[in-house]
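What you see below is based on every heavy atom in this structure, not just the backbone, and it leaves out hydrogens, waters and symmetry mates. Below, chains carry the letters A, B, ... as their sequence lines are ordered, and counting in each starts from 1.
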Amino acid sequence: MGPKEPHEDPRELRPVHLERGVHGHRPRGLRGARRRLHVHPQRGARARLRRARPRGRRQLPQRRPEHLRVTPRVRFAPSPTGYFHVGSARTSLFNWLFARRHGGAFVLRIEDTDTERNRDEWRQGILDALTWLGLNWDEGPTLQSANLGDHHAAVEALWEGGYLYACDCTREQIDARSAATGRPGYDGHCRTRELPRGPSTALRFRMPDEGATTIEDLVRGTVTFPHEAIGDFVVMRSSGVVLYALANLVDDRSARITHVIRGEDLLPTTPRQVLMWEALNHCASQERVDLPAYAHLPMLVNEQRKKLSKRKDPVALESYRDQGYLPEAMVNYLALLGWSPRGDEIADRARLIDEFDLAEVSRSPAFFDVKKLTHINAEYLRAMTSDAFAHACRPWVDPDPAAWRPRAAPPWAPEHFDADVFSRAVPLIQTRVTTLAEVPAMVAFLFGDEVAFDEDAVAAVLADDPLGRVVLAVAIERFAEVDFTAASLHDALVELGEGVGLPLRRAQAPVRVAVTGTRVGPPLFESLELLGRQRTLDRLRAALARVS
RNA sequence: GGUCCCAUCGUCUAGUGGCCUAGGACACCACCCUCUCAAGGUGGAGACACGGGUUCGAACCCCGUUGGGACUGCCA
């Protein structure tokens with residue numbers, strides 16, 4: 001370990017008293033009961049970053065941490081790669097929360113310099129995704145490609161300053177040499193060759209031979225990288241294209257970014273960027289800009305605990321939108337990945353903003369659990385008013401194909417959709433779906449011409465059960481006479497059941513299957529009322545004929 | 001291989017030396033409610049990776065081991 005000051009134990013300076021709720025004891029399992037954090041003044045303590053971050057939640061400092069002495073300017077800088085990754089969504093959310101929490105600016109920059117992954121619709125996809133999530137940006141979107149002049153100016157400055165050298169090694173040559181020596185990576189072959197710059201030379205950054213770069217990461221604490229383990233890296237291709245690590249940092253300098261909040265996968269490139277940033281600060285032609293604070297967020301991983309893979313894992317934010325997840329639910333769930341609010345996990349934007357603290361962000365990777373996302377989505381769905389819910393269903397049920405977001409038709413002829421019937425069905429289905437995509441199947445019996453029969457259900461309660469057919473036969477008679485309201489239908493079927501010796505739970509099954517095709521669904525009598533007498537009787541007769 | 005990061009129920013987490021008999025949420029199981037299915041209610045099972053050390057006391061601090069991960073491009 002590096003040099004330490006053993007007496008600098010921050011805990012001694014930070015008395016903390018944790019209390020449980022308002023009572024001395026807390027009953028086990030009490031919902032929503034939380035510990036409260038009380039912080040005592042931190043007298044005379046230096047409110048600067050600690051060399052190592054203690055595990056667990058930090059208390060709120062009495063004095064603002066040094067990194068918050070300026071109004072934060074954060075940025076989200078995705079590159080257009082085809083669709084919006086949930087990991088990007090999480091990163092952008094944390095940036096946005098941080099900016100909103102501290103009254104800073106959230107800057108959007110699109111890193112479009114790799115021409116292979118740069119298409120108009122992909123760039124638009126980023127804007128659409130952020131808009132859908134409700135992560136509004138204060139500046140931009142700026143395109144990295146618009147800043148090419150600055151990138152090249154930075155390269156010239158570094159070259160003038162002697163930080164760079166030309167290299168004409170090919171990939172094959174480098175690989176051959178590292179195979180021979182058994183040491184992977186670039187070996188510094190051209191370091192002292194003093195090659196002139198030309199069309200076949202790349203420019204490499206000369207790493208210091210010794211020493212180390214230390215980063216005070218806002219979530220990970222102090223991280224030290226020995227220079228000897230980092231090879232000289234390319235800053236500009238022989239083609240003249242300035243590479244990501246430099247371009248990214250030059251843009252951050254021009255935008256006066258104060259906090260770089262990004263995925264942990266970028267942690268290893270941070271010392272390179274810090275070195276280049278400081279080198280630029282020493283260049284006469286370059287402005288001096290304060291180094292930003294860094295915060296590296298834990299990765300999102302799959303069940304195999306590997307970084308979410310574009311090929312194998314369901315990572316496209318758009319697909320969650322199309323499956324009927326609400327943006328509010330997605331935001332809430334994403335916020336829970338690597339962080340947690342103090343109270344209930346179900347927390348709206350205002351609470352997320354109010355409670356968000358980078359210092360509380362976890363350091364270990366988080367599994368993207370669709371089951372939990374689904375649960376949270378269902379919670380938000382249930383919390384909606386009926387009208388809002390009905391409105392949110394439009395892309396899945398609307399007769400107008402232009403309204404269909406998943407580009408899939410509902411399972412009925414669009415012209416048979418009845419908005420009034422649907423809105424009356426909403427209270428019946430709202431607690432029964434976890435995503436909006438489940439809605440069409442749940443109301444299909446109201447709008448379809450044909451009943452889609454679940455054959456197992458038909459067999460169980462009709463074909464194989466003589467009593468089921470009796471129930472149908474009697475129901476056809478009784479339902480022809482009763483008031484066609486849920487209450488009357490209910491009473492009629494109870495009475496009918498008593499007549500044939502069946503409790504309601506058994507008597508309702510044949511009717512349900514005959515009318516809706518399945519054994520599960522919304523409450524039966526309300527459904528029949530919505531369907532109307534004529535269609536109900538038709539279906540009962542058809543089902544009876546089908547199994548006779 | 002090298003550098004770096006990480007380690008509490010299956011999952012997401014609370015926890016910052018005594019309030020821990022380790023809390024909550026998802027998932028799971030049981031029961032209640034009930035016209036089915038949900039929703040809701042009640043209860044249950046389920047974790048500090050391991051080994052040393054420091055300390056009166058360690059999930060928490062230190063060291064090591066093991067395990068997992070990221071990076072290691074003239075990609076971003």
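Legend: residues meeting side-chain hydrogen bond (donor to acceptor under 3.5 Å, both in side chains) with A:D454, ordered by chain and number and at least two apart, are absent. Under the rule for a ring pair (Phe, Tyr, Trp, His ring centres under 6.0 Å), A:F389 has no partner lying at least two apart in sequence or in another chain. Under the side-chain contact (heavy atoms from CB on, under 4.5 Å) criterion, A:R171 pairs with A:I174, A:D175, not counting sequence neighbours. Judged as a side-chain contact (heavy atoms from CB on, under 4.5 Å), and not counting sequence neighbours, A:E210 has no contacts. Considering only residues two or more places apart in sequence or on other chains, A:F205 meets the ring pair (Phe, Tyr, Trp, His ring centres under 6.0 Å) condition with A:F233. Scanning for side-chain contact (heavy atoms from CB on, under 4.5 Å) contacts around A:P314 gives A:Y320, with sequence neighbours left out. With sequence neighbours excluded, the residues forming a salt bridge (Lys or Arg N to Asp or Glu O under 4.0 Å) with A:D251 are A:R109, listed by chain and number.
At a non-hydrogen distance threshold of 4.0 Å, A:T224, A:F225, A:P226, A:A229 from residues 224-232 of chain A come into contact with RNA chain B. For residues 504-511 of chain A, proximity to RNA chain B is found at A:L504, A:R505, A:Q508, defined as any non-hydrogen atom under 4.0 angstrom from a strand atom.
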Under 3.5 Å, sequence neighbours excluded: what are the donor-acceptor pairs made by side chains of residues 514-524 of chain A?
from, atom 1, to, atom 2, distance (Å)
A:T516, OG1, A:R512, O, 2.8
A:T516, OG1, A:T518, N, 3.4
A:T516, OG1, A:T518, O, 3.2
A:T518, OG1, A:V520, N, 3.4
A:T518, OG1, A:V520, O, 2.6

For a quick test of your reading: what N or O donor-acceptor pairs under 3.5 Å do the side chains of residues 484-501 of chain A make, sequence neighbours left out?
from, atom 1, to, atom 2, distance (Å)
A:T485, OG1, A:S488, N, 3.3
A:T485, OG1, A:S488, OG, 3.0

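Comparing B:U54 with B:C63, their P atoms sit 15 Å apart, to the nearest whole Å.
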Give every pair of a protein N or O atom and an N or O atom of nucleotides 65-69 of chain B that lie under 3.5 Å apart, one pair per line with the distance.
from, atom 1, to, atom 2, distance (Å)
B:G69, OP1, A:K306, NZ, 2.3

